[in-house]
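Atoms considered below: every heavy atom in the structure, side chains included; atoms not considered: hydrogens, waters and symmetry mates. We count residues from 1, following the sequence as given.
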Amino acid sequence: MPASRPSRRAVLAATAAVAAVSAVSLSGTAAQAASAAAAPAYRWRTAVIGGTGFVTGVLFHPSVRGLAYARTDIGGAYRWDERAARWTALTDHLGWDDWNLLGVEAIAVDPAHPDRVYLSLGTYAQSWAGNGAVLRSEDRGATWARTDLTVKLGANEDGRGAGERLLVDPRDSDTLWLGTRHDGLLKSTDRGATWAPASTFPATPSASGQGVIFLVAAGRTVYAGWGDGDGKGTAGTANLYRTSDGTTWEAVPGQPVGATSAKVPIRAAYDKHTRDLYVTYANAPGPNGQSDGSVHKLRTTTGSWTDVTPVEPGGTTADGSADNFAYGGVAVDACRAGTLVVSTNNRWADIDTVFRSTNGGRTWTSLKDSAVFDVSETPFLKWGKDKPKFGWWIQALALDPYDSRHIVYGTGATLYGTRDLKHWAPQIRGLEETSVRHLISPPVGQAHLLSGLGDIGVMYHERLTSSPSRGMASNPVFGSATGLAQAAAKPSYVVRSGWGDNGNGAFSNDGGKSWAPFAAQPAIAKDAPGPIATNADGSVLLWTFVHWDGTKYPAQRSTDNGTTWSEVSSVPKGATPVADPADPTRFYAYDTDTGTLYASTDSGLTFTARASGLPSGDSQFELAAAPGSSGDLWLSVKWNGLYRSTDAGATFTKVTSCWASYTLGFGRAAEGASYPAIYLVGSTETITAIYRSDDEARTWTRINDDAHQWGWTGAAITGDPRIHGRVYVATNGRGIQYGEPV
């Protein structure tokens with residue numbers, strides 16, 4: 001992946017459907033009822049990019065041809081539909097308050113009951129995050145029952161690409177096992193409805209370790225990988241346990257331990273034909289930070305271990321780079337004895353690969369060596385102008401139990417599949433995991449949408465139903481975008497900023513189709529690229545700088561399209577600049593530290609304080625300027641509500657029709673209305689939802705529904721200036737959702 005800068009992952013089963021909506025107003029119960037009766041229905045879809053996030057697990061159902069499930073670290077779970085050749089999202093119903101449950105720690109299926117599926121959810125195991133939960137379904141994820149846990153799970157923490165920590169007991173379908181990071185092994189005897197500690201499990205968890213890192217059935221025996229000790233798995237410490245009766249656990253005799261480095265078991269797979277258990281190991285849980293690893297085979301009938309590592313990590317590549325890596329995924333062929341695949345992981349220098357063996361690991365073939373890739377369906381995988389790579393962060397690896405030549409593996413960006421062991425293509429339709437930060441819907445031009453994204457920069461969406469044909473914006477290529485702005489009176493001019501290895505700012509004169517880097521950039525831009533703005537006619541750029549650790553720096557201004565820059569000391573450090581859409585001499589910035597609005601009337605050369613005493617203390621407060629007029633400002637201050645100024649920030653009035661506003665945007669006005677439609681992620685009643693107002697925020701209509709919530713949606717929202725009712729919503733892990741009245 002480009003630009004190894006801070007990832008979106010440090011941020012905080014429904015397909016398209018017609019949904020009923022409700023309306024809220026301050027005008028009383030009768031008005032609410034009347035509005036609700038007239039409320040339109042909305043159809044929700046996902047703008048297609050294709051993957052773009054870390055697929056941490058793929059699980060083929062052992063008893064049903066063509067049925068598979070996938071999990072992601074922040075974007076929920078999916079079910080594969082073989083007939084349609086696409087994934088169906090299964091957890092979009094999780095709402096704002098349950099944002100921490102969009103990370104899927106593990107999936108389990110029941111070989112004896114094909115319609116049953118289980119998910120363990122919880123994105124972070126930190127003290128500030130909520131507890132985890134288990135979802136259980138009797139209809140392949142169409143509907144769910146939920147059990148809230150008293151422990152935390154960590155689907156977006158180290159070890160997230162390790163094996164499944166959830167398992168249906170091979171002896172009893174009513175019994176489930178759940179491995180946790182810091183609370184040991186849990187057991188349920190009522191199909192996941194209730195959980196209790198497995199008191200006989202012998203390992204003691206630590207506050208910083210991995211705990212039970214995977215659970216796998218080998219015949220009627222359950223094996224548990226253990227990743228603790230010193231927090232990683234100290235040399236000489238047991239890392240694999242087993243039980244054959246569901247009660248008594250023991251350390252597996254003779255298991256590999258680290259001689260000079262710790263051995264962390266990552267994944268395991270069982271060959272029922274030979275009764276061999278294959279285990280991959282690393283010196284850290286991954287997906288980052290691994291530099292050593294191995295693959296071992298346990299003959300379960302005799303207890304003998306064999307080292308079957310395809311290639312020992314270490315040494316150098318052809319260009320002299322250090323070739324250090326570990327092993328991640330492992331999967332066995334259910335049809336052919338002794339046939340299996342394993343993946344390397346964190347092999348940055350020589351790029352990861354998948355090794356295949358047909359003789360129990362005695363000899364191996366690297367599938368990368370003969371691989372032919374077709375990424376035409378998701379061109380961003382070319383990473384600018386490069387050819388597609390085999391991939392990095394390969395820990396999810398699966399082999400179809402009904403097709404020996406159908407292999408899939410996940411990366412930090414997509415899911416690749418082959419059906420002939422040579423030709424590979426993304427097997428990713430329907431799975432969208434982008435973390436979205438910026439959205440612009442241009443008033444004219446070919447594209448209805450530009451997006452600024454975590455990890456994959458900026459994209460130009462010619463169509464919403466296919467991945468952008470230009471892929472990621474190049475020249476330069478960004479990792480994560482930090483700013484995206486369009487000149488209101490000159491929409492062909494767009495600027496962007498972000499984390500990049502070859503420049504941190506760029507401009508476009510054709511609406512975002514093609515880009516050129518700024519001729520120069522402030523020195524601080526390399527380490528702290530922040531939001532960027534351009535005034536209404538595109539003649540002035542204003543760039544602010546915020547390091548990923550929160551440190552703020554003075555803003556910089558350019559009047560020659562980024563050729564030269566000068567410091568603007570009067571604007572608050574780190575404040576997001578907002579251009580007036582009608583007056584090119586005006587800029588605004590909100591100081592979240594003091595609750596003060598600053599304004600410039602000399603094209604950003606100087607700023608002066610205007611309204612003060614507004615809510616303060618949260619860097620994610622958002623200032624927006626209504627299109628088409630000068631000085632019409634809207635301030636979203638999260639649970640402190642929504643404020644409006646019609647005098648260029650001299651005064652603000654609190655909007656009483658909603659009590660929370662997280663992000664706000666504008667779209668084409670309703671027929672007969674003179675003011676743009678307003679779209680809001682906020683609260684008018686008890687829940688946080690997506691709303692539209694066609695009357696300047698006097699009343700609001702909820703336009704999403706309980707099946708379409710997508711967890712946290714507080715980064716960005718915008719309407720389409722050409723189509724009334726169409727709205728684009730940024731999610732943190734479910735890509736760009738867009739809705740339209742039907």
- request: Without swapping roles, check the side chain of Asn504 against the backbone of Pro529 for a donor-acceptor pair under 3.5 Å.
  value: no
- prompt: If only atom types and distance count, is the side chain of Ser600 paired as donor or acceptor with the main-chain N or O of Thr606 below 3.5 Å?
  reply: yes
- prompt: For the side chain of Thr46 and the backbone of Val48, is there at least one donor-acceptor N/O pair under 3.5 Å apart?
  reply: no
message: Taking atom CZ as the centre, does Arg557 end up with more than 12 heavy-atom neighbours from other residues, nucleotides or ligands that are less than 6.0 angstrom away?
response: yes
- prompt: Between Tyr662 and Trp712, is the ring centre distance below 6.0 Å?
  reply: no
- request: May I ask you to say whether Glu622 pairs ionically with Lys638, meaning some side-chain N is under 4.0 Å from a carboxylate O?
  value: no
- prompt: Can a donor-acceptor pair be found between the side chains of Ser435 and Asn732 at a distance below 3.5 Å?
  reply: yes
field: Exercise: identify the closest heavy-atom pair between Ala481 and Gly457
entry: CB-O, 3.8 Å
field: Which atom of Leu664 lies closest to which atom of Leu680, heavy atoms considered
entry: CD1-CD1, 4.3 Å
message: If the condition is side chain to side chain donor-acceptor pair (under 3.5 Å), which residues does Asn100 pass it with, not counting sequence neighbours?
response: none
field: Nearest heavy atoms of Gly641 and Ser661, plus distance in Å
entry: O-CB, 3.7 Å
task: Ignoring hydrogens and angles, state whether a donor on the side chain of Thr52 or Glu432 is under 3.5 Å from an acceptor on the partner side chain.
output: no
- request: Verify, without hydrogens or angle tests, whether Thr544 (side chain) and Ala575 (backbone) share a donor-acceptor contact under 3.5 angstrom.
  value: yes
field: Tyr42 and Asn704 side chains, donor-acceptor separation under 3.5 Å
entry: no
task: Can you establish whether the number of heavy atoms outside Lys382 located under 6.0 Å from its atom NZ is more than 12?
output: no
query: Any chance the side chains of Ser451 and His461 put a donor and an acceptor closer than 3.5 Å?
result: yes
- prompt: Is a side-chain N or O of Thr731 found less than 3.5 angstrom from the main chain of Trp710, in a donor-acceptor match?
  reply: no
- request: Check for a donor-acceptor pair, side chain of Ser508 on one end and backbone N or O of Ser514 on the other, with a separation under 3.5 Å.
  value: yes
- line: side-chain contact (heavy atoms from CB on, under 4.5 Å) filter on Ala473, not counting sequence neighbours, yields Val458, Arg496, Trp515
- request: Decide whether Ser616 and Thr592 meet the rule of one side-chain donor and one side-chain acceptor closer than 3.5 Å.
  value: no
- prompt: Can you check whether Leu439's main-chain N or O pairs, donor with acceptor, with Thr718's side chain at less than 3.5 Å?
  reply: no
message: Is the distance from the ring center of Trp634 to that of Tyr643 below 6.0 Å?
response: no
Least distance between heavy atoms, Trp383 atom then Trp392 atom: NE1-CZ3, 4.3 Å
message: Counting only heavy atoms from other residues, nucleotides and ligands, does the tally under 6.0 Å from CG of Asp510 exceed 12?
response: yes
field: Thr123 side chain vs Gly103 backbone, donor-acceptor pair below 3.5 Å
entry: yes
- request: Verify whether one side chain among Asp98 and His93 offers a donor that lies under 3.5 Å from an acceptor in the other.
  value: no
message: If the threshold is 4.0 Å, N to carboxylate O, is there a salt bridge linking Asp647 and Arg610?
response: no
field: Under 3.5 Å: donor-acceptor pair, side chain of Ser480, backbone of Asp455
entry: yes
query: Do Lys573 and Asp591 sit within salt-bridge range, that is, some charged N less than 4.0 Å from a carboxylate O?
result: no
query: Cut-off 3.5 Å, side chains only: do Asp720 and Tyr679 have a donor facing an acceptor?
result: no
